[in-house]
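Everything on this sheet refers to the single structure shown next.
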2 protein chains.
Amino acid sequence: MLSNAAQYAIRSILYLALYSSATQRIRTKKISQDLEVPQPFLAKLLQRLGGADLVSSSKGPNGGFYLNKTNRNKTVWDIIVTVDGTEKFNQCFLGLHTCSDNNPCPVHFNVSPFKQIIKKDFKGKTIAQFSEEIKKRGTVLSLKDFDALHK
Amino acid sequence: MLSNAAQYAIRSILYLALYSSATQRIRTKKISQDLEVPQPFLAKLLQRLGGADLVSSSKGPNGGFYLNKTNRNKTVWDIIVTVDGTEKFNQCFLGLHTCSDNNPCPVHFNVSPFKQIIKKDFKGKTIAQFSEEIKKRGTVLSLKDFDALHK
DNA sequence: CAATTTTAAGACCAAATAGTCTTTAATAGG
DNA sequence: CCTATTAAAGACTATTTGGTCTTAAAATTG
Ligand code: FES
Ligand code: FES
């Protein structure tokens with residue numbers, strides 16, 4: 001449903017929402033370590049996200065990535081659209097080239113409602129709202145600590 | 001969530017459930033045309049499915065693929081396991097290497113219930129039952145006719 | 001203004017998946 | 001039993017996605 005790149009992008013942006021600010025920028029190295037994502041790949045990805053105004057950055061000493069006001073008002077759906085485009089997400093579960101209630105495949109009515117709900121959620125909540133929820137509910141962006149504890 | 005191959009496999013097997021029998025075998029050429037799937041790719045795939053006892057076949061004139069009793073009592077889940085393995089299906093939506101209620105990612109509780117439902121459906125219903133449902137509800141395995149009508 | 005740190009940009013490489021082709025073996029029918 | 005027809009088997013190629021590396025440019029600091 002989502003490419004690796006899109007997954008990395010979502011997790012990185014939520015990470016930045018939680019831990020960065022205009023004065024507290026974060027280097028790709030730190031992000032990649034904390035999220036267990038390959039660093040050069042992440043760098044290229046964040047660069048793309050910067051172009052789409054989903055993240056902000058500054059170069060030089062104390063430079064790094066962060067989210068400004070505009071960035072925080074984007075949605076998870078915006079990230080998906082930028083990285084993967086909409087097609088992959090809207091596709092039929094069994095690969096028919098259009099997914100619709102008119103010509104439904106045998107699993108359409110099992111799968112489609114679920115996709116609608118998720119999509120609505122991704123479109124409706126801002127990154128800022130998402131990060132509030134994360135703080136409140138204690139969900140995680142990485143299993144690094146968990147892994148460290150159990151090895 | 002599913003590879004191309006798995007999607008082709010599911011559609012092909014449901015197709016065979018609907019239209020084939022031990023005496024009415026169907027050639028890969030016909031299947032590939034009706035489902036709009038590349039023929040050599042499908043041939044290789046059906047061969048694999050034959051090895052896993054999900055389809056039956058016979059060579060020579062009037063040969064082709066069909067489903068026997070055993071084949072018809074398999075489930076869609078069996079197909080997925082054979083073609084893709086379980087990992088891809090069970091993975092975390094945001095790419096964490098394990099998906100569980102203990103260390104949930106921020107979208108876990110939105111996504112996970114749905115996957116459980118779909119999975120249960122795929123495990124619980126046999127191919128035979130699925131094909132009955134298709135007949136009853138008029139769902140489709142291909143948009144070929146639809147396409148032909150609209151071009 | 002020079003040195004250093006960090007992202008930007010884009011060329012490059014690797015792995016997985018998707019898809020094709022060619023040769024062999026089995027079966028049915030004349 | 002010979003021929004035509006079909007799947008089986010497996011080597012091969014192409015495309016996409018994932019991932020790396022190198023060089024340039026911007027910003028900070030002394
Ligand atoms: S038509 Fe297959 S999921 Fe909608
Ligand atoms: S932990 Fe991410 S979907 Fe379950």
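Each chain gets a letter, A, B and so on, in the order its sequence line appears, and its residues count up from 1.
The side chain of A:N62 sits closest to D:dT29 out of D:dT20, C:dG19, D:dT29. Each of D:dA7, C:dT7, C:dG19 was ranked by its minimum atom distance to the side chain of B:S57; first place goes to D:dA7. The listed nucleotides are C:dT5, C:dT7, C:dA28; the one nearest the side chain of A:P61 is C:dT5. When distances are taken from the side chain of A:P40 to each of D:dT20, D:dA27, C:dG19, the shortest belongs to D:dT20. Proximity note for A:K59 (side chain, C-beta onward) versus C:dG19, D:dG18, D:dA26: the nearest is D:dA26. Closest approach to the A:N4 side chain among D:dG19, C:dG19, C:dA18 is made by D:dG19 (side chain taken as heavy atoms from C-beta onward).
Nucleotide D:dA8 holds its C1' atom 13 Å from the CD atom of B:Q39, rounded to whole Å. Rounding to whole angstrom units, CZ of residue B:R25 and C1' of C:dA26 are separated by 12 Å. Rounded to whole Å, the distance from CZ on A:F41 to C1' on C:dT7 is 17 Å. In this structure, CG of B:L46 is placed 13 Å from C1' of D:dT6, rounded to the nearest angstrom. For A:L42 and D:dC21, the CG to C1' distance is 16 Å, given to the nearest whole Å. Protein atom CD of B:Q47 is 14 Å distant from nucleotide atom P of C:dA25, rounded to whole Å. If you measure from atom CZ of A:F65 to atom C1' of D:dA27, you get 14 Å, rounded to the nearest angstrom. Protein atom NZ of B:K88 is 12 Å distant from nucleotide atom C1' of D:dT17, rounded to whole Å.
Here the SG atom belonging to A:C105 is positioned 9.0 Å from the CZ atom belonging to B:R11, to the nearest 0.5 angstrom. Separation of atoms CG (B:L16) and CG (B:L67) is listed at 5.0 Å; rounding is to 0.5 Å. Summarising the geometry, atom CD1 belonging to B:I26 is positioned 12.5 Å from atom OH belonging to B:Y66; distances are rounded to the nearest 0.5 Å.
No hydrogens or angles were tested; on distance alone, nothing pairs the side chain of B:K44 with the base of D:dG10 as donor and acceptor under 3.5 Å.
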Pairs under 3.5 angstrom only: tabulate donor-acceptor contacts from the side chains of residues 55-64 of chain A to other protein residues two or more places apart or in another chain.
{"residue": "A:S56", "atom": "OG", "partner": "A:N68", "partner atom": "ND2", "Å": "3.0"}
{"residue": "A:S56", "atom": "OG", "partner": "A:N71", "partner atom": "OD1", "Å": "2.6"}
{"residue": "A:S58", "atom": "OG", "partner": "A:R25", "partner atom": "NH1", "Å": "2.9"}

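B:G50 comes within 4.0 angstrom of no nucleic acid atom, judged by non-hydrogen atoms across all strands.
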Open item on the list: salt bridge (Lys or Arg N to Asp or Glu O under 4.0 Å) for A:E133 and A:K136? Distances and angles first, verdict last.
Closed with: CA-CA 5 Å; A:E133 253 187 46; A:K136 206 172 294 168; over 6 Å; no

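The side chain of A:T28 contributes an N or O atom lying less than 4.0 Å from OP1 or OP2 of C:dT7. The side chain of B:Y8 places an N or O atom within less than 4.0 Å of a non-bridging phosphate oxygen (OP1 or OP2) of C:dG19.
If you find the closest nucleotide of DNA chain C to B:D84 and to B:S58, the one lying nearer the 5' end belongs to B:D84.
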